[in-house]
Amino acid sequence: MPDTSPSVQDYLKAIYRLTRDGRQAATNRLAAALGVAPASVTGMLKRLASEQPPLVVYRRRRGATLTPAGERIALATLRRHRLLELFLVRVLGYGWDEVHEEAERLEHAISARMEARIARLLGEPAFDPHGHPIPAPDLTLPLSRAVPLAQAAAGVRGRIVSVSDADPAVLRRLSALGLLPGVGFTVVQRTAGDNLAYLRVEGSAEAVVIGPALAEAIFVELDT
Ligand SMILES: [Zn+2]
């Protein structure tokens, strides 16, 4: 990875996440995602746009998108993050709810050599413990068709692809309910007012009730 600071890597990763849907990463959304003031975001975006080669394209009042050079750094950081999460779970015995914070720190610290050794030890894995794809060594990443479970209507069947790793409490709740990547489900019922989803989960007899916040944290592929 080129010589960039941890905070540059975090910015590029956050812009990558916010622009996956084809939108610009607006300054205020970026500030919220990174937990910093909008004014410092603006300063950093100007700096990233004036790097050689530029890492972002910044438009005042609209926000930023990544250049190819910026995207490569974002994907390289994501590759390390996801490899480290899997390493912590598989080799060091961490729970899947304990690895995100550790990986946030370690992704900036390990060498290319250690990254390659971890990948080899794990058998060049394709997915992290939360079901997110790990960018390949050439930094390609398969396109995902996953949508939030919140978008699944009653009667629909599907499979859990990935879950958000942002909140450890959400991850603990998901494992208690058996809602893990790879698990199949049917949406039995949806209620309008309180926005609950009742799921029948593969391998379990009882229906599981999901509130709206949890339904936004679960990403699924639906049968067509
Ligand atoms: Zn993570």
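For ligands, and for the atoms within them, numbers begin at 1 and follow the listed sequence. Fair warning: this is a prediction, and the values are worked out from it, not measured in the lab.
Looking at Q9 and T4, their side chains do bring a donor and an acceptor atom within 3.5 Å of each other. A donor-acceptor contact closer than 3.5 angstrom is absent between the side chains of E71 and Y16.
Remark: R79 does not engage E107 in a salt bridge, criterion side-chain N to carboxylate O under 4.0 Å.
When distances from the Zn ion (ligand 1) to the N, O or S atoms of D165 are compared, OD2 comes out shortest. If you look at H100 and ask which of its N, O or S atoms sits nearest the Zn ion (ligand 1), the answer is ND1.
Taking 2.8 Å as the criterion, H132 does not count as a coordinating residue of the Zn ion (ligand 1), since none of its N, O or S atoms falls below it. Because the distance cut-off is set at 2.8 Å, E85 qualifies as a neighbour of the Zn ion (ligand 1) through one of its N, O or S atoms.
Placement of L177 and L199 within a single hydrophobic cluster is found when ILVMFWY residues are connected by side-chain heavy-atom separations under 4.5 Å, directly or transitively.
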